[in-house]
**Student:** 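Okay, handing you the structure first.
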Amino acid sequence: MNAEEAAPAGPDLSGIPPELSRSMYRDMLTARLLDDEAIALQRQGVFPAYVSLRGQEAAQVGSAAALDTATDFAFPTYREMAVALTMGVDMVGYLASHRALWHGGLYDPMESRFGPVNAVVGGPVPHAVGWALGESLRDGPGCAIAYFGDGASSEGDVHEAMNFAGVFGAPVVFFCQNNQWALSVPVEAQVAGGSVAARAAGYGMPGVRVDGQDVAAVYEATRAALRRARDGGGPTVIEALTYRVNPHSTSDDPGRYRDPAEERRWRERDPITLTRRALERAGHADTDFFDAAETGARAFCEAARDGVGNAPHPAGSDLFSHVYREPTEALRRQQRVWRDEVGP
Amino acid sequence: MTELAVPADQAATATETSMQQAVNAALRTLLAEDPATLVFGEDVGRLGGVFRVTDGLQAEFGDRRVFDTPLAESAIIGLAVGLAMNGWRPVPELQFDGFAYPAVDQIVNQMARMHYRTRGAAPMPITLRLPSFGGIQAPEHHGESLEALFAHVPGLKVCAPSDPADAYGLLLQSVRADDPVIYMEPKARYWNRRAVRLGEPDLPIGASRTVREGRHATLVAWGAMVHRCEQAAELAAEDGVELEVLDLRWLKPIDTDGLAASVARTGRAVVVHEAPLTAGLGAEVSALVTEHAFASLRAPVQRVTGFDVPYPAGPLEPQYLPTVDRILLAVQRTLEF
Ligand SMILES: Cc1ncc(C[n+]2csc(CCOP(=O)(O)OP(=O)(O)O)c2C)c(N)n1
Ligand SMILES: [Mg+2]
């Protein structure tokens with residue numbers, strides 16, 4: 001798949017309430033600026049490393065905007081910053097993970113209904129199925145959404161999770177961001193048959209491919225999958241075709257494995273530019289709106305940057321506090337050793 | 001205690017009960033007392049599990065509370081993690097110990113760490129029931145001793161009952177606890193009946209139990225090896241050697257105080273386990289005794305264990321496992337030191 005194939009026209013906003021299309025634009029823009037901010041913080045030595053989502057804003061915001069944040073639950077990987085933002089997660093707490101204050105982040109994942117940052121590729125996908133099964137066992141209204149990449153789609157856990165979801169008819173959406181690369185490995189060398197969505201058929205559920213640069217298409221596809229799950233129709237696989245225009249992480253050097261021309265082609269299909277044009281075309285937004293969106297996004301990023309930069313490190317002896325809910329005497333002893341021999 | 005939850009006939013008087021029946025009764029108690037408790041795994045529903053431990057539970061509690069899953073261990077534990085995050089109290093079964101390996105990522109990287117990763121926000125009250133250890137001359141992978149592997153993992157608690165009464169009490173404790181517990185059922189002892197009274201646990205999590213008192217040496221064991229140590233103690237008594245038998249019950253946390261107190265009385269310790277010698281829990285027990293009862297020790301701690309080879313097939317298995325003779329030889333070594 002190349003950039004030109006992926007989206008002929010650009011987002012069609014006709015089926016989306018104007019206010020929603022504007023708020024999705026605001027979230028995409030804020031995520032973009034916050035992503036830039038995070039990269040800068042890494043360059044300044046505030047973050048040891050960062051994983052950029054640039055290019056994937058439409059896939060993340062469009063899918064997250066379809067969630068009901070009162071009832072649903074998202075299970076992210078390490079690259080879903082724009083999902084967190086759209087769901088209203090405390091972004092200082094989110095970025096705390098990248099500042100290496102606490103691996104899972106310092107936001108409350110239960111309160112936020114956005115699971116902890118999870119670095120095991122594919123690992124959280126079965127959790128989404130368990131969560132969803134738990135919801136249907138009590139006839140609850142919620143759905144789970146599992147985020148994962150094209151690389152993760154090779155993991156046994158993802159296949160096991162899809163099969164479990166199919167067998168149980170669990171209300172879960174498997175949302176694959178096929179960003180064409182898993183670190184240095186292109187999707188052609190990753191996904192036999194070329195399509196993650198096609199695998200859904202083998203697990204007895206619909207699989208759909210959407211243009212991941214088209215926020216409207218992503219939103220509509222996710223909304224349809226969630227509606228289906230909520231109505232008892234079971235799981236769906238969505239494969240959003242997108243592109244990781246930045247390196248895998250701030251430690252990566254894509255010059256070793258891919259052609260910069262490919263990156264350039266995808267940069268031209270920038271999801272934020274496409275959405276802005278669509279908003280203008282549909283008459284949903286004017287210059288004042290775009291100016292205000294930018295001012296708001298900048299203020300938000302500034303506050304988040306200051307917040308995460310100033311956030312205190314958890315005390316070392318805090319490490320012992322959460323290993324168990326009911327701590328063992330042996331661990332309490334080690335906590336005392338830490339305080340005596342290491343520090344506070 | 002929820003008096004009603006224990007079948008009246010079992011609560012009132014000692015009854016001949018097998019461990020398989022005791023675990024089944026504990027699951028029944030737990031399913032009855034907390035509607036959030038779920039039992040699931042491979043073949044646990046209509047069949048009642050390959051060891052019949054979940055026999056009748058689906059019929060009694062329905063297929064929402066007790067259900068079969070597809071055959072994939074990693075997803076079974078991943079499912080449990082997600083269910084726990086949605087407020088349930090999962091009690092998954094993995095059919096045989098050797099098939100816990102496909103689930104190790106979910107057990108170690110996810111289940112054991114989720115509470116920590118979320119700074120206590122995500123509840124993780126999962127009890128993984130794992131038919132464990134050898135002694136039934138089963139096919140490859142159907143008899144393994146994984147306690148050292150799991151005891152090494154921060155965030156897990158590990159226990160292994162040795163008799164029906166403890167099997168009942170320890171399972172109640174494990175499932176009611178708000179942390180992930182690996183509950184290892186010694187399959188070699190499933191069918192042995194003992195006259196026991198199934199009741200509420202009378203010792204806290206982490207407490208060992210003195211199965212037999214003695215003053216010449218302490219035998220330390222868990223699971224099926226406790227019974228073997230009792231047999232050894234019985235024989236030694238005929239020669240006037242009085243052996244104390246300490247059932248650790250909990251392999252994480254280990255009852256350091258109980259262990260040290262026993263060795264303080266006897267001055268000698270022999271630790272017995274089925275798992276291979278190297279980096280087995282015998283090494284941990286030995287280190288704890290050295291750290292906490294060094295002044296009382298009159299001989300080095302002896303280890304009687306399996307060997308650093310895979311569990312063997314068929315008739316060699318009984319010879320691989322610690323025998324009464326090898327336990328008595330170790331006792332002799334420590335007494336003659
Ligand atoms: C189980 C596991 N194996 C390997 C890694 C190292 N790793 C981190 S990200 C990554 C590539 C993942 O690619 P993909 O799933 O497509 O997600 P993307 O990074 O493109 O968002 C690898 C190999 C890991 N984190 N987890
Ligand atoms: Mg990828």
Side-chain angles (χ1 to χ4, degrees), chain A residues 73 75 102-112 115-120 122-138 140 142 144 146 155-157 159-168 170 172 314 318-319 321-331 333, chain B residues 35-36 38 40 64-65 67-88 90 92 102-103 105-106 109-125 154-157 177-180 204-206 250 252-257 288:
Chain A
F73 204 105
F75 289 81
W102 198 264
H103 285 315
L106 287 174
Y107 56 96
D108 182 333
M110 304 307 287
E111 193 85 352
S112 318
V117 171
N118 203 314
V120 182
V125 179
H127 306 167
V129 179
W131 193 96
L133 176 64
E135 197 66 6
S136 58
L137 286 176
R138 68 162 73 89
E155 288 282 356
D157 265 7
H159 292 262
E160 291 185 15
M162 286 183 184
N163 185 53
F164 271 49
V167 165
F168 292 129
V172 55
D318 213 29
L319 293 174
S321 308
H322 307 294
V323 176
Y324 297 107
R325 197 157 273 199
E326 297 158 3
T328 64
E329 189 41 46
L331 198 60
R333 261 201 300 273
Chain B
L38 301 175
F40 54 91
R64 286 191 168 209
R65 307 281 310 282
F67 55 89
D68 288 327
T69 65
L71 203 168
E73 289 73 17
S74 189
I76 289 171
I77 304 304
L79 196 75
V81 170
L83 284 162
M85 289 177 76
N86 201 349
W88 296 91
D105 174 60
Q106 285 293 337
N109 280 337
Q110 304 296 347
M111 179 175 89
R113 290 182 183 212
M114 196 56 87
H115 184 265
Y116 174 86
R117 183 179 293 144
T118 62
R119 295 176 62 80
M124 225 19 56
L156 298 181
K157 294 177 181 176
D178 283 336
D179 291 303
I205 282 180
W250 288 90
K252 190 171 198 179
I254 288 182
D255 184 2
T256 307
D257 294 345
L288 288 172

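Chain A is the first sequence line, chain B the second, and so forth, proteins listed ahead of strands; every chain is numbered from 1.
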**Student:** Please report the shortest heavy-atom distance between A/Pro109 and B/Thr118, naming the atom on each side.
**Tutor:** CG-CG2, 3.6 Å

**Student:** Show the nearest heavy-atom pair for residues B/Gln106 and A/Gly123, with the distance to one decimal.
**Tutor:** NE2-O, 2.9 Å

**Student:** Most heavy-atom pairs under 4.5 angstrom with chain B, which of A/Leu133, A/Leu331, A/Leu106?
**Tutor:** A/Leu133

**Student:** Measure distances from B/Met124 to the heavy atoms of chain A and classify the residue's part below 4.5 Å as side chain, backbone, both or neither.
**Tutor:** neither

**Student:** What part of A/Val117 gets closer than 4.5 Å to chain B, counting heavy atoms only: side chain, backbone, both or neither?
**Tutor:** backbone

**Student:** Using every non-hydrogen atom in the two residues, find where A/Asp318 and B/Arg119 come nearest and quote the distance to one decimal.
**Tutor:** OD2-NH2, 2.8 Å

**Student:** Using a cut-off of under 4.5 Å on heavy-atom pairs, state which of A/Asp108, A/Asn163, A/Asp157 scores highest against chain B.
**Tutor:** A/Asp157

**Student:** Under a 4.5 Å heavy-atom cutoff, which of B/Ala122, B/Gly206, B/Pro154 has the most pairs with chain A?
**Tutor:** B/Ala122

**Student:** Out of A/Leu137, A/Thr328, A/Val125, A/Val167, return the one with the most heavy atom pairs under 4.5 angstrom to chain B.
**Tutor:** A/Leu137

**Student:** Within a 6.0 Å radius of atom NE2 on A/His103, are there more than 12 heavy atoms belonging to other residues, nucleotides or ligands?
**Tutor:** no

**Student:** Can you tell which part of A/Phe73 gets under 4.5 Å to a heavy atom of chain B, answering side chain, backbone, both or neither?
**Tutor:** side chain

**Student:** With a 4.5 angstrom heavy-atom cut-off, which part of A/Val129 approaches chain B: side chain, backbone, both or neither?
**Tutor:** both

**Student:** Which of the residues B/Ile205, B/Leu156, B/Ile254 is involved in the greatest number of heavy-atom pairs with chain A at under 4.5 angstrom?
**Tutor:** B/Leu156

**Student:** With only heavy atoms counted, which part of B/Pro90 is less than 4.5 Å from chain A, the side chain, the backbone, both or neither?
**Tutor:** neither

**Student:** In terms of heavy-atom pairs under 4.5 Å with chain A, which of B/Pro180, B/Pro35, B/Gly155 leads?
**Tutor:** B/Gly155

**Student:** Quick check on B/Asp68 against chain A: is it the side chain, the backbone, both or neither that has a heavy atom closer than 4.5 Å?
**Tutor:** backbone

**Student:** Can you see which heavy atom on B/Asn86 is nearest to which on A/Arg138, and at what distance?
**Tutor:** O-NH2, 2.5 Å

**Student:** Could you have a look at A/Glu329, A/Met110, A/Glu111, A/Glu326 and say which one has the most heavy-atom pairs with chain B under 4.5 angstrom?
**Tutor:** A/Glu326

**Student:** Work out which heavy atom in B/Gly120 is nearest to a heavy atom in A/Arg325; give both atom names and the distance.
**Tutor:** O-NH2, 2.6 Å

**Student:** Which atoms of B/Leu38 come close to chain A, meaning under 4.5 Å heavy atom to heavy atom: side chain ones, backbone ones, both, or neither?
**Tutor:** side chain

**Student:** What pair of heavy atoms forms the shortest contact from A/Ser136 to B/Arg64, and how long is it?
**Tutor:** O-NH1, 3.6 Å

**Student:** Does any heavy atom of chain A fall under 4.5 Å from the side chain of B/Thr256, the backbone, both, or neither of them?
**Tutor:** side chain

**Student:** Say whether, by atom type as modelled, one donor and one acceptor occur between the side chain of B/His115 and the main chain of A/His322 under 3.5 angstrom.
**Tutor:** yes

**Student:** Just wondering, do B/Tyr116 and A/Leu319 contact through their side chains at under 4.5 Å, heavy atoms?
**Tutor:** yes

**Student:** side-chain contact (heavy atoms from CB on, under 4.5 Å) with A/Val120: which residues, sequence neighbours excluded?
**Tutor:** A/Asn118, B/Asp105, B/Asn109, B/Gln110

**Student:** Should B/Met114 and A/His127 be marked as a side chain to side chain contact (heavy atoms under 4.5 Å, CB included) after you check the CA-CA gap, both sets of side-chain angles, and the distance that decides it?
**Tutor:** CA-CA 11 Å; B/Met114 196 56 87; A/His127 306 167; 3.7 Å; yes

**Student:** Residues two or more places apart in sequence or in another chain: which of them pass ring-ring contact (aromatic ring centres under 6.0 Å, His included) with B/Phe67?
**Tutor:** A/Phe168, B/Phe40

